[in-house]
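Quick notes on the structure that follows.
No experiment lies behind these values; they were computed from the predicted model shown.
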Protein chains: 2
Amino acid sequence: MHNPLYQLAQNKYDAAQKILVAVDCIIFGFDDGVLKVLAFKRKVEPFCGSWSLIGSFVAENESTDEAAKRVLFEITGLKNIFMEELKTYSSVTRDPGARCISIGQYALISLSKKNKKLTETHGAEWLSIIDLPELVLDHQQMVADALERLRNKARFYPIGLELLPKKFTIPQLQSLYEELFQLLFDTRNFRKKLLSLNMLIQLDEKDKTSSKKGAYLYEFDYDKYNTLKNKGFNFSLFKS
Amino acid sequence: MHNPLYQLAQNKYDAAQKILVAVDCIIFGFDDGVLKVLAFKRKVEPFCGSWSLIGSFVAENESTDEAAKRVLFEITGLKNIFMEELKTYSSVTRDPGARCISIGQYALISLSKKNKKLTETHGAEWLSIIDLPELVLDHQQMVADALERLRNKARFYPIGLELLPKKFTIPQLQSLYEELFQLLFDTRNFRKKLLSLNMLIQLDEKDKTSSKKGAYLYEFDYDKYNTLKNKGFNFSLFKS
DNA sequence: GATAATAAATGTATAAAATACATTTATTAT
DNA sequence: ATAATAAATGTATTTTATACATTTATTATC
């Protein structure tokens, strides 16, 4: 690591102060029409019994993304889930335990019954975004910021789909958008707009869990989306 | 800082490894129809003579935003300029000098002649985004990421205006959008769309620097924008 | 003081997209 | 066979986007 070429610069590096760096994960799930966030009750002081997001310090030999993926895997047992850096929380006084910078990372999980159980065996709980209890440190702010980001991004990118199973119905997607944006959409217009994008692949299966008639299952055509995205297309299901 | 209540947690904090944290600033300016980024030639080893963004280590007693503002002030002599966190660069191998995490922050400056001179007295230079020379470390990637963010954000928020003087003309704004998105707009439709938002305040002054007839100067009505923004309005001047 | 030169400003017709709105359909349970 | 339930569908109207060419205000020059 310490090449003699870097001698001059080395003084600069040596003079600088090192700081604790952590990641905190804001993990969203869509549970039967309700948007939830994963949290756990701290079992040690300080703040024992308080709700907290899941986090970890960043080690010397890992990037912040790697640290966040490690945390996500430890708590959910899942890999390859949607995750994106939110922002840095670096107020000098944010953590009374020590000066510590935290990188917020938000993640989106499709909450099948299996996944829901997995997370709960790890001692975490899914809390509804509405009526969220108080969280430790600046974790409340992190959730608020992540929610805002999720809304802004879901407005113009198909990331909302990460909260649904790979195979989903149109009424499910509408319900997700209605919960996320706290709006009601006309079923005819929502469906028309969605199908006009020509990015849903209709399957021969129906989901009959919520009606006798059953609703057709669809998959999203990511290949087609990525091709068009590079040509300036943007995914949007409503205007105002 | 070290309250006995935090004793248990303290072990955890003490066990964690501290890391060098820096900020690097991607400062954009719009110079006579051309989008530029501020860089300087390193005067010390390593990478002496190579182009680099402007950065600094984050000190124990400042947040990352404060560090970035400090750097921006040192290099431009300006305060209150638009700045937003971009993302964290934390690859273990990104800096051969030492393990160091850097937070990219991008900023937008209105390049009056005064401001242009100010930055240049500090030894920095404005480089055109097109044909950008190689930059040290991952700074090239930072500029690419910042440009993408700028485009995505300027698409739906009026941040492009931060690159123009407070008083600007419609042809200036069109030229900015054309440069930023590498598109050409019809002057009639651009103006019509822009004015239909009802967010420009026309002044009684004209800017005659680029035509004999002169173009009317306008200011952006931020109060009106902020009010409507909270009601779901989004600023957008073109569709595809 | 007439003329040339220059970029700014303007209007209309057509096409596309968004919105508002009510009925029929497929299926299961009784 | 009937009732119950949510899924699926069509049309008319309004709004927004697009395509496209001429006139206007001003300065510099002859």
Which nucleotide sits closest to the side chain of [X]: [options]?
| X | options | answer |
| --- | --- | --- |
| B:Ser211 | D:dT18, C:dT10, C:dA7 | C:dA7 |
| A:Asp186 | C:dC21, D:dT26, D:dA17 | C:dC21 |
| B:Lys206 | C:dA8, D:dA21, D:dA25 | D:dA25 |

In whole angstroms, how far is the [atom2] atom of [N] from the [atom1] atom of [X]?
| X | N | atom1 | atom2 | value |
| --- | --- | --- | --- | --- |
| A:Leu237 | C:dA18 | CG | P | 10 Å |
| A:Phe190 | C:dA17 | CZ | P | 18 Å |
| A:Arg191 | D:dG10 | CZ | P | 11 Å |
| B:Glu178 | C:dA7 | CD | P | 14 Å |
| B:Leu183 | D:dT18 | CG | P | 11 Å |
| B:Phe168 | C:dA8 | CZ | C1' | 16 Å |
| A:Leu195 | D:dT9 | CG | P | 8 Å |
| A:Leu194 | D:dA7 | CG | P | 14 Å |

If [N] has a Watson-Crick or G-U wobble mate with both distances under 3.5 Å, name it; if not, just say none.
| N | result |
| --- | --- |
| C:dA29 | D:dT2 |
| C:dA18 | D:dT13 |
| C:dT10 | D:dA21 |

All heavy atoms of A:Arg94 vs all of A:Met142, minimum pair found to be NH2-CE, 3.6 Å

Is it true that B:Glu84 and B:Lys153 make a salt bridge, defined as a side-chain N closer than 4.0 Å to a carboxylate O? yes

Residues in side-chain hydrogen bond (donor to acceptor under 3.5 Å, both in side chains) with A:Thr119, at least two apart? A:Trp126

Can you find a donor-acceptor N/O pair under 3.5 angstrom joining the side chain of B:Lys213 to the base of C:dT6? no

Quick one: does B:Lys192 reach the base of C:dT12 with a side-chain donor-acceptor pair under 3.5 Å? yes

Find which nucleotide of DNA chain D each of A:Asn189 and A:Gly214 is nearest to by heavy atoms, and output the residue with the more 5' nucleotide. A:Gly214

Which of parallel (below 30°), tilted (30 to 60°) and perpendicular (above 60°) describes A:Phe181 and A:Tyr177? tilted

Would you call the rings of B:Phe233 and B:Tyr225 parallel, tilted or perpendicular, where under 30° means parallel and over 60° means perpendicular? perpendicular

Contact nearer the 5' end of DNA chain C, comparing B:Ile170 with B:Lys239: B:Ile170

I want to check one thing: is the phosphate of [N], taken as OP1 and OP2, less than 4.0 Å away from some side-chain N or O of [X]?
| X | N | result |
| --- | --- | --- |
| B:Arg188 | D:dA19 | no |
| B:Lys212 | D:dA28 | no |
| A:Lys208 | C:dT28 | yes |

Using a heavy-atom cut-off of 4.0 Å across all strands, would you classify B:Tyr216 as base, sugar-phosphate, or nothing? sugar-phosphate

Over-ring placement of A:Arg155 relative to A:Phe235, 6.0 Å and 45° cut-offs: no

